[in-house]
Amino acid sequence: MASKGRVTIREVAERAGVSVATVSRVLSGNYPVPPTTRARVLRAARDLDYVANAHARALVGGGRKMVAVVLRQVTSPFYAQVAEGVEAEAASRGWLCLVGTTGGDPQRELEFVQLMREEGARLVILVGGVVEDDAYRERVAHYAQALDAAGARLVLCGRPAPDPAIPALVVEFDNEAGARAITGHLLSAGHRRIVFLGGLPGNTALDARVAGYRAALAEHGLPAAAAHVVDCGLGRAAGHRAMTELLDKEPEFTAVFAGDDMVAAGALRAIADAGLRVPADISVVGYNDIPLAEDFHPPLTTVRTPAEELGRAAVRFALRDPEHTAGAHHLLGTHIVVRDSVQPPPTVGGSTPV
């Protein structure tokens, strides 16, 4: 919904049917106020989407320099690296960084964004791929407009803006190009039966990786039917479970492109449990190049995404754009890190399978 400007304390008072002084007492919490009056004032403030003037003045007048980064989880190496980048860039500028997690719950995300708005965060950074449905588009448009009205800025880090007209900054990396390159690496090694393990339909990051995988197959002259996407989602457990199920059947593939490195970790474990070897029997590649990827057995060939730089860039670009230009978009590159988890497919009857 479009914002017409910051709501004043007088409007809250009129809505609640009390004096401005009473509203001030309720919001400050420093004076005793009858419970019914307090409830009426808080309801009016909530209905009007009011941000306390003390915080608004801090934003406008250069008050607290605070950036908030909102993640699905902090246990994911990728999310942790992005948060480290945000914190490092903020600290280098003398800013405070706060980290919140949502577990993927839109309501928790909404509550955290609203809290950061009320607490005077200058930047609110939302990190990671999402399912871009109507609810997401409406929610993010509201975040962007509400933060902009309070003098703050929304940054979408690794996820798209639902509408280029909203006052949000987008900083992401080229998921499709990275996936196309790593699939091309497998194809160049001679693989033609490649499984994409870790699809999650509707998720913007994974859909782009699947698109890159399909594009690479097509570029090498393979039919659309050659693509085999397993929609198991992300995480080590998902990768292990899905790989185990694939191996329970007669394997009809020679390589696996895991949707991220943790899916690859699960797949490596399942392959070893089945008595097979990587890469002698099956080649495996991942995505993100988390710090542990080079310590996997064998060390994992993967796509390096600039996770920490993504976090740094989110802060840096936002502060370079004080006018809050709508539709501002920055795309970072990726590259392949070649290790020991890929080799040509095993020969059958003296020839390489095609």
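Annotation: the span from Arg43 atom CZ to Leu48 atom CG amounts to 11.5 Å, rounded to 0.5 Å. Annotation: the span from Ile182 atom CD1 to Ile336 atom CD1 amounts to 4.5 Å, rounded to 0.5 Å. Considering CG of Leu98 and CE of Met116, their distance stands at 5.5 Å, rounded to 0.5 Å. Between Asp174 atom CG and Thr334 atom OG1 the span is 6.0 Å, to the nearest 0.5 Å. Distance NE2/His330 to CZ/Arg320: 8.0 Å, rounded to 0.5 Å. The CG atom of Leu319 sits 8.0 Å away from atom CD of Glu89, with the distance rounded to the nearest 0.5 Å.
Using a 4.5 Å heavy-atom threshold, the side chains of Leu200 and Leu234 count as separate. Annotation: side chain of Leu186 is not in contact with side chain of Val256 (no heavy-atom distance under 4.5 Å). Under the 4.5 Å side-chain criterion, counting only non-hydrogen atoms from C-beta, Lys65 is not in contact with Leu96.
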Report task. Take Tyr143 and Glu109, measure what side-chain hydrogen bond (donor to acceptor under 3.5 Å, both in side chains) needs, and give me the verdict at the end. Result -> CA-CA 10 Å; Tyr143 294 162; Glu109 180 182 87; 3.0 Å; yes
Report task. Please lay out, stage by stage, how Asp148 and Arg153 fare under the test salt bridge (charged side-chain N to carboxylate O under 4.0 Å, His left out). Result -> CA-CA 6 Å; Asp148 186 63; Arg153 185 70 187 278; over 6 Å; no
Report task. Show the numbers, then the answer: is there a salt bridge (charged side-chain N to carboxylate O under 4.0 Å, His left out) between Arg15 and Glu11? Result -> CA-CA 6 Å; Arg15 178 72 168 255; Glu11 290 175 275; over 6 Å; no
Query raised in the report: Which is it for Leu310 and Val127 under the side chain to side chain contact (heavy atoms under 4.5 Å, CB included) test, yes or no, and what are the steps along the way?
Result: CA-CA 10 Å; Leu310 197 67; Val127 181; 5.5 Å; no
Query raised in the report: Given Leu126 and Cys157, is the side chain to side chain contact (heavy atoms under 4.5 Å, CB included) satisfied, shown in steps?
Result: CA-CA 6 Å; Leu126 305 184; Cys157 193; over 6 Å; no
Requested in this report: Begin from the C-alpha positions of Arg137 and Asp163 and carry the test side chain to side chain contact (heavy atoms under 4.5 Å, CB included) through to its verdict.
Outcome: CA-CA 8 Å; Arg137 285 186 280 271; Asp163 182 346; over 6 Å; no
**Report entry** His228/Phe253 under side chain to side chain contact (heavy atoms under 4.5 Å, CB included): CA gap, chis, key distance, verdict
**Finding:** CA-CA 9 Å; His228 183 185; Phe253 55 90; 5.5 Å; no
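Counting heavy-atom neighbours within 6.0 Å of Arg159 CZ, excluding the residue itself, gives a total above 12. Atom CZ of Arg10 sits in a sparse spot, with 12 or fewer heavy atoms from other residues, nucleotides or ligands closer than 6.0 Å.
In this view, His185 satisfies the ring pair (Phe, Tyr, Trp, His ring centres under 6.0 Å) rule with no residue, not counting sequence neighbours. Considering only residues two or more places apart in sequence or on other chains, Phe196 meets the ring pair (Phe, Tyr, Trp, His ring centres under 6.0 Å) condition with Tyr213, Phe257. Taking the side-chain contact (heavy atoms from CB on, under 4.5 Å) definition, one finds that Ala144 meets it with Leu154, Ile166, Pro167, Ala168, sequence neighbours left out.
Without hydrogens or angle criteria, Arg193 side chain to Thr254 main chain gives no donor-acceptor distance under 3.5 Å. In terms of modelled atom types and a separation under 3.5 Å, the side chain of Thr101 and the main chain of Gly103 share no donor-acceptor contact.
Residue Val337 is not grouped with residue Val342 when hydrophobic side chains (ILVMFWY) are merged at heavy-atom distances under 4.5 angstrom, including chains of intermediate members. Put simply, Phe317 and Val315 are part of the same group of oily side chains (I, L, V, M, F, W, Y) that touch within less than 4.5 Å, one to the next.
In this structure, Glu87 does not pair ionically with Arg312, as no charged nitrogen and carboxylate oxygen lie closer than 4.0 Å.
Residue pairs meeting the salt bridge (charged side-chain N to carboxylate O under 4.0 Å, His left out) criterion with at least one member in residues 208-219, sequence neighbours excluded, are Arg180-Glu219.
His329 and Glu172 share a side-chain donor-acceptor pair at under 3.5 Å.
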Just list the side-chain donor-acceptor pairs under 3.5 Å for residues 280-302, sequence neighbours left out, or say none.
residue, atom, partner, partner atom, Å
Asp281, OD2, Arg277, N, 2.7
Ser283, OG, His191, NE2, 3.2
Ser283, OG, Gln343, N, 3.1
Ser283, OG, Gln343, O, 3.1
Tyr287, OH, Asn175, O, 2.9
Asn288, OD1, Thr305, OG1, 3.1
Asp289, OD1, Arg339, NH1, 3.1
Asp289, OD1, Arg339, NH2, 3.0
Asp289, OD2, Arg304, NE, 2.6
Asp289, OD2, Arg304, NH2, 2.7
Thr301, OG1, Arg339, N, 2.8
Thr302, OG1, Asp261, OD1, 2.8
Thr302, OG1, Gly286, O, 3.2
Thr302, OG1, Tyr287, N, 2.9

Which atom pairs, donor and acceptor, lie under 3.5 Å between side-chain atoms of residues 266-273 and protein residues at least two apart or in another chain?
residue, atom, partner, partner atom, Å
Arg269, NE, Asp273, OD1, 3.1
Arg269, NH2, Asp273, OD1, 3.1
Asp273, OD2, His240, NE2, 3.3

